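Written below as structure tokens is the structure these notes are about.
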2 protein chains.
Amino acid sequence: MTERGRPRSFDRAAALRRAMEVFWAQGYDGTSMSDLIAAMDVNSPSIYAAFGCKEELFREAVALYRATEGGRIWGAMTTAPSARAAIETVLRVSAEEFTRPSKPRGCLIVLGALNADDGNETVRRELQEHRAENMKMLLLRLKRGVAKGELPNGPDWRAIATFYITVQQGMSIQARDGASRKALLAVADCAMAAWDGLVSCRRDGGAL
Amino acid sequence: MTERGRPRSFDRAAALRRAMEVFWAQGYDGTSMSDLIAAMDVNSPSIYAAFGCKEELFREAVALYRATEGGRIWGAMTTAPSARAAIETVLRVSAEEFTRPSKPRGCLIVLGALNADDGNETVRRELQEHRAENMKMLLLRLKRGVAKGELPNGPDWRAIATFYITVQQGMSIQARDGASRKALLAVADCAMAAWDGLVSCRRDGGAL
DNA sequence: ATATTTATTTGTCGATCGACACAGAAAAGG
DNA sequence: CCTTTTCTGTGTCGATCGACAAATAAATAT
């Protein structure tokens, strides 16, 4: 009951990684099958046999991204010793990952499919859900800090989580525009400069 | 020496505005000529006669955006009484403009063409330059504040300007993901909570 | 060895992309 | 009037899109 038939001649994992980098650099719509065929060095019928259609290939590429680059960014969410350290680490690692030499700049999850057009609605919604999951993860970390007494329960933690997610997503655009790693780290520092003021602010039912 | 020939039967300005809203909602690549023909209610030869090619039409749409919605956002940069008020107003008006009912969410300049592909390099670079101009405008306002003695000259104002631009750009993605106006206003407040700490921080040659 | 299963190569499918030719229609100038 | 100029509607161009059929090649199972 071992493998039957002719074994495939290309490395599936390596081809997927190359496809992921093309999607990362050009987005879902901006990447054509021709681009993928060239980058993966695999003919189109073999791609369809191994991955299904373009949409499913993109899905696998996104899963790979979340398991690698994404994991390095959001891993701190559970490993960091405090909520504040978690956020600071997420922002700083983002600055590093978004500016890795010889890698596409910014984040695949953020930049992969922002504009809706003819046939990318499913893909766009999935990326949006992944972004929402990251937001939820950050908010839960804050609420856990409140539950443990590490953080006060006065501030509007949802607004604070949205703020830091907004900064993290904005960094993708800055990275795409050529911002240096140092510049993005400085952005992270500026965002963390707001922490003390935000934490010691009582909720008033309004914006904050 | 008045107008010769048959006058055009459609309102050029109105058609341009409708084209702008399509580009705004779907981006440059995501918008096809068919989309434009349907939205503008003008046949394609008339579009080409009045606007040139798709790229030039997009350019005019961007110019219109910057003159209207963009002007409302960045106008405060020169009219606000202080640098701090200018930044706060830019963020708050952005929150409003990015969540106007029955208008596309987010900013055309930020979301219009982020991913490079076959034939959008010129357009992409132009939007990037417009983003860079906004950043420069904000930085100049800060430097003017320093020159007038309104602000100290210790802090790394370039880093601070980059930070607020990053927040403003991140708000476009949040808006696209469905964030409410109230949520975006709260993000603006969180960003402004960093101000005092940033202004009273002396430069140390590092990130801050 | 033969049959079976799967991968690869070549070629192509209908649909859609941006862009325009061409001819007819509607205004001005003479 | 008639000529000229410009705009409008129909149709279509070559290129490219994502996706796959058919035929060939290479492995395993019996």
Side-chain angles (χ1 to χ4, degrees), chain A residues 1-16 18-20 22-23 26-62 112-113 115-124, chain B residues 1-16 18-20 22-23 26-62 112-113 115-124:
Chain A
M1 215 55 103
T2 52
E3 321 253 349
R4 300 278 292 255
R6 175 178 176 175
R8 77 162 53 91
S9 68
F10 64 91
D11 183 338
R12 190 184 192 279
L16 175 59
R18 269 177 254 141
M20 185 261 273
V22 179
F23 280 129
Q26 307 185 357
Y28 178 74
D29 293 308
T31 302
S32 67
M33 286 303 297
S34 309
D35 294 332
L36 294 167
I37 291 164
M40 302 166 77
D41 200 30
V42 175
N43 290 331
S44 75
S46 300
I47 296 179
Y48 281 95
F51 298 98
C53 60
K54 182 190 176 187
E55 185 174 312
E56 294 178 28
L57 175 56
F58 182 75
R59 238 185 294 276
E60 278 205 54
V62 167
N115 302 14
D117 59 1
D118 42 295
N120 70 349
E121 191 47 41
T122 306
V123 157
R124 206 190 63 82
Chain B
M1 214 56 104
T2 53
E3 322 254 347
R4 297 281 291 256
R6 175 178 175 176
R8 81 162 50 93
S9 66
F10 64 93
D11 183 339
R12 190 186 193 276
L16 174 59
R18 270 177 252 142
M20 185 262 272
V22 179
F23 280 129
Q26 308 185 356
Y28 178 74
D29 293 308
T31 303
S32 68
M33 286 304 297
S34 310
D35 294 331
L36 293 167
I37 291 164
M40 302 166 77
D41 198 32
V42 176
N43 290 331
S44 75
S46 299
I47 296 179
Y48 281 95
F51 299 99
C53 60
K54 182 189 177 189
E55 185 174 312
E56 293 179 29
L57 175 56
F58 181 75
R59 238 185 295 275
E60 278 205 55
V62 167
N115 302 12
D117 59 1
D118 42 295
N120 70 349
E121 190 48 41
T122 306
V123 158
R124 207 189 62 81

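Residue numbers start from 1 in every chain, and the chains themselves are labelled A, B, ... in the order their sequence lines are given, proteins ahead of strands. Note that the structure is predicted; figures quoted are calculated from it, not measured.
- In this structure, A:Asn120 atom CG and D:dC17 atom C1' are separated by 14 Å, rounded to whole Å.
- Between the CG atom of A:Asp117 and the C1' atom of D:dG18 there is a distance of 13 Å, rounded to whole Å.
- With sequence neighbours left out, the salt bridge (Lys or Arg N to Asp or Glu O under 4.0 Å) criterion links A:Arg124 to A:Glu121.
- The stretch residues 43-56 of chain A comes close to DNA chain D through A:Ser44, A:Pro45, A:Tyr48, A:Cys53, A:Lys54, each having a heavy atom under 4.0 Å from the strand.
- Heavy-atom distances to DNA chain C give each of A:Pro7 and B:Asp29 a nearest nucleotide, and the one nearer the 5′ end belongs to A:Pro7.
- Against DNA chain D, the stretch residues 31-40 of chain A makes heavy-atom approaches under 4.0 Å through A:Thr31, A:Ser32, A:Met33, A:Ser34.
- Here D:dT16 presents its P atom at 9 Å from CG of B:Asp118, a figure rounded to the nearest Å.
- Distance, B:Arg8 CZ to C:dA28 C1': 16 Å, rounded to whole Å.
- Side-chain to base pairing of B:Arg6 with C:dA25: one donor and one acceptor N or O lie within less than 3.5 Å of each other.
- Across all their heavy atoms, A:Asn115 and B:Gly112 have their closest contact at ND2-O, 4.2 Å.
- Listed here is the closest heavy atom pair of A:Leu16 and A:Ala61: CD1-N, 3.8 Å.
- Not a single side-chain hydrogen bond (donor to acceptor under 3.5 Å, both in side chains) links A:Ser46 to another residue, sequence neighbours left out.
- For B:Asn120, the side-chain hydrogen bond (donor to acceptor under 3.5 Å, both in side chains) partners are B:Asp29, B:Asp117, not counting sequence neighbours.
- Of all non-hydrogen atoms in A:Ile37 and A:Ser44, the two that sit nearest each other are CD1-CB, 3.5 Å.
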If you look only at distance, which donor and acceptor atoms sit under 3.5 Å apart when one is on a side chain in residues 48-55 of chain A and the other is two or more places apart or in another chain?
{"residue": "A:Lys54", "atom": "NZ", "partner": "A:Tyr28", "partner atom": "O", "Å": "3.1"}
{"residue": "A:Lys54", "atom": "NZ", "partner": "A:Thr31", "partner atom": "O", "Å": "2.8"}
{"residue": "A:Glu55", "atom": "OE2", "partner": "A:Arg59", "partner atom": "NH2", "Å": "2.9"}

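- If you take CD on B:Gln26 and CG on B:Leu36, they are separated by 8.5 Å, rounding to the nearest 0.5 Å.
- Distance CZ (A:Phe58) to C1' (D:dA19): 19 Å, rounded to an integer number of Å.
- Closest approach of B:Val22 and B:Ala39 over heavy atoms only: CG2-CB, 3.3 Å.
- A close approach under 4.0 Å does occur between a side-chain nitrogen or oxygen of A:Ser9 and OP1 or OP2 of C:dT8.
- Going from atom CG of B:Leu57 over to atom P of C:dC20 covers 14 Å, rounded to whole Å.
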